[in-house]
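Below, chain A is the first sequence line, B the second, and so on; all start at residue 1.
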Amino acid sequence: MKNRRKTDLVRVRFAPSPTGYLHLGNARTALFNYIFARHEGGKLVLRIEDTDKERSKKEYEDMLIDDLKWLGIEWDEGPDVGGEYGPYRQSERTHIYNEYLEKLKQSGHVYKCYCTPEELEEERKKALAEGRPPRYSGKCRNLTEEERKELEEEGKSYVWRFRVPDGETIVFEDLIKGVVEINVNEFGDFVIVRSDGSPVYNFVVVVDDALMKISHVIRGEDHLSNTPKQILIYRALGFPEPKFAHLPIILGEDRSKLSKRHGAVSVRAFRDEGYVSEAMFNGLALLGWHPKRDSEVILKDEIIKEFDIRDIHNAPAVFDRAKLKWLNGVYIREILDLDDLTNRAIPFFKKFGYEADFDYYKKVMEAIRDSIEVLNDIKERAYPFFVDEYDFDEDAIAFIKENQNSLNVIKAFYEKVKETPALDKQTFKRLTKEIQKQLKVKGKQLFMPIRIALTGKTSGVDIATLVEIIGKDRVLKRLERAIDYLSKV
RNA sequence: GCCCCCGUCGUCUAGCCAGGCCUAGGACACCGGCCUUUCACGCCGGCGACACGGGUUCGAAUCCCGUCGGGGGCACCA
């Protein structure tokens, strides 16, 4: 890191609203903030934007924090860890907002507006019908003291609006989008404090970012058009402006902003399905960013090392479930250490009612890790290791019927196993070889009957591995049951 | 409607800023083959894109303009 003065320290923030589960889009925003902070040797602050009292819930905040931690995102300051610029929940900062509202009143940057929501709605409709941009007319902008007094005596409530300078063009350099120019006439005087006295997002976000010394505001592109409003407030309050970076948003398969209607899009849902956090981290980072060297699989530390915010692709990205799933499979079969993988898999085994001890789980994971992509696949793939009273599926029964020798193979195998002291892979190989000679069957004719007898299915894990893990006794029991059942079909 | 952002295989992207090294590279998906007692895994191969039009230039995916297309935003939500 170059020598940076303390005041130049990079400070970024992730500021979610606790109104639901952490979803993929927000998770990616958090991720890029985290990666950027770490790459620059700066700090990440977590701030809870709970000014919407209707929808904000503490449970959501807890889940947000839990999901963020799970993903591997760590913050230096936040409601749970504290920090010198707290409090980190907006609902606990109202006195601060009041203080800055006071400053804006003093400097004449804001004024009271007595228009009712109905009147505004009316105006909006009219503007739209006439093809004008639907913005506030400025009706209450220049009310005299007397007019105000009158309106207030009528018992009219008011909001505080920001006085937008007419015709000014705000220019800022976005780290991702480049130079962005927006004329303030696009939006007109906007509300800063509601009639119930609560401050609105565009106002609090500026106060908080400035007071928390945020150097780079990295957020979703849906905030791009809010930026000029915020810049106006920065200037009115005399705050230094941070640098902005607007991330292209994530789209669903239908090319609209990714949301609930695109199916499971919360981090929680992916967790529950058995995605591992490292794969999520990797996959999310790949949405809009790519390492210089040509590889899709890249660990957190390398991402942090290689990351450059200027390399973020500036077109929106369609979320590709299939690719994330594939990536998850790579982590399961190639990256994670077996003990670690097993520990993560245990809750899934239990969820499916597969009970055993760690060593057994570990053996099973070793046997199946190459054939699963998400931990939920354990249900199907590990079935033969846990269930002894399985059904025989259609294909299996069909095979037995079509291959008359099958039952003989199973019976022969049963006899051999019975006389064997223990059943490991080598023994299994030896026994099947003997049967091959005795009954003159080989290949599929030899192995499929045994597979069917032991699992009830025509496909699945390697049989030699299966018998070694479940052991002689269970093999014999399964064979007895299979012979009994298959003789009757 | 208005404003802003964006436009390379079906999808994620490399290349674009510093034009020739691009008959456009990789990955997922899909298709085919190999491996294998099965399904997977793995390996090999195939399919497949510079949105369109005009300029600038000896030369354009790369620079400029226009068109079209996609997305986002226009709240007393964040």
Give every residue pair that meets the side-chain hydrogen bond (donor to acceptor under 3.5 Å, both in side chains) criterion with at least one member in [range], sequence neighbours excluded.
range: residues 405-415 of chain A; result: Asn405(A)-Asn408(A), Tyr414(A)-Glu480(A)
range: residues 241-251 of chain A; result: Asp174(A)-His246(A), Arg219(A)-His246(A), Thr227(A)-His246(A), Arg235(A)-Glu241(A)
range: residues 322-334 of chain A; result: Asn282(A)-Tyr331(A), Glu296(A)-Lys323(A)

Per-nucleotide protein contact along nucleotides 60-71 of chain B, 5' to 3', at a 4.0 Å heavy-atom cut-off (B base, S sugar-phosphate only, - neither), is ----------SS

Under a 4.0 Å heavy-atom criterion, the protein footprint on nucleotides 36-46 of chain B, written with B, S and -, is -BBBSSS----

Residues of residues 200-208 of chain A with a heavy atom under 4.0 Å from any atom of RNA chain B, listed by number, are Val200(A), Tyr201(A)

Check: Quick one: do the Asn26(A) and Thr29(A) side chains pair a donor with an acceptor below 3.5 Å?
Finding: no

* To do: Mind checking ring pair (Phe, Tyr, Trp, His ring centres under 6.0 Å) for Tyr88(A) and listing every partner two or more places apart, or none if nothing turns up?
  =>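 Partners of Tyr88(A) under the ring pair (Phe, Tyr, Trp, His ring centres under 6.0 Å) test: none.
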
Applied to residues 13-24 of chain A, the salt bridge (Lys or Arg N to Asp or Glu O under 4.0 Å) test, sequence neighbours excluded, yields Arg13(A)-Asp209(A)

Can you run down the salt bridge (Lys or Arg N to Asp or Glu O under 4.0 Å) pairs that involve residues 395-408 of chain A, sequence neighbours left out, and say none if there aren't any?
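Checked against salt bridge (Lys or Arg N to Asp or Glu O under 4.0 Å) - neighbours excluded - no pair reaches residues 395-408 of chain A.
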
Respond yes when some side-chain nitrogen or oxygen of Lys292(A) is under 4.0 Å from OP1 or OP2 of G15(B), and no when none is.
yes

Please determine whether a side-chain nitrogen or oxygen atom of His313(A) lies at a distance below 4.0 Å from atom OP1 or OP2 of A14(B).
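Yes, because at least one side-chain N or O of His313(A) sits under 4.0 Å from OP1 or OP2 of A14(B).
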
ask   = What is the distance, rounded to the nearest whole Å, between atom NE2 of His223(A) and atom P of C74(B)?
value =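 Result: 10 Å.
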
Rounded to whole Å, CD of Glu253(A) lies from P of A29(B) at a distance of 15 Å

Closest of A14(B), C76(B), U11(B) to the Val318(A) side chain is U11(B)

Practice prompt. Counting heavy atoms from C-beta on, name the nucleotide in C6(B), C5(B), G72(B) closest to the side chain of Asn314(A).
Written response: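 The listed nucleotide nearest to Asn314(A)'s side chain is C6(B).
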
Presence of donor-acceptor pair under 3.5 Å, side chain of [X] and base of [N]:
X: Asp294(A); N: A27(B); value: no
X: Ser225(A); N: C4(B); value: no
X: Lys177(A); N: C5(B); value: no

Check: Considering residues at least two apart in sequence or located in another chain, which fulfil the side-chain hydrogen bond (donor to acceptor under 3.5 Å, both in side chains) criterion with Asp308(A)?
Finding: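 side-chain hydrogen bond (donor to acceptor under 3.5 Å, both in side chains) list for Asp308(A), sorted by chain: empty.
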
Using the [atom1] atom as the reference point in each nucleotide, state the distance between [N] and [M] in Å, no decimals.
N: C63(B); M: C16(B); atom1: C1'; result: 10 Å
N: C6(B); M: U13(B); atom1: P; result: 15 Å
N: A29(B); M: A24(B); atom1: P; result: 24 Å

Practice item. For the pair Arg321(A) and Glu273(A), find out whether any cationic side-chain nitrogen is under 4.0 Å from an anionic carboxylate oxygen. Key: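 No, this pair does not count.
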
Contacts under 3.5 angstrom, residues 452-463 of chain A side chains, donor-acceptor by atom type, not counting sequence neighbours:
from	atom 1	to	atom 2	distance (Å)
Thr455(A)	OG1	Arg451(A)	O	2.8
Thr455(A)	OG1	Lys457(A)	N	3.1
Thr455(A)	OG1	Lys457(A)	O	3.3
Asp462(A)	OD2	Thr465(A)	N	3.1
Asp462(A)	OD2	Thr465(A)	OG1	2.6

Let me check something: any side-chain donor-acceptor pairs from residues 434-441 of chain A under 3.5 Å, sequence neighbours excluded? List them with distances.
from	atom 1	to	atom 2	distance (Å)
Glu434(A)	OE1	Lys416(A)	NZ	3.1
Glu434(A)	OE2	Arg430(A)	NE	3.4
Lys440(A)	NZ	Lys437(A)	O	3.3

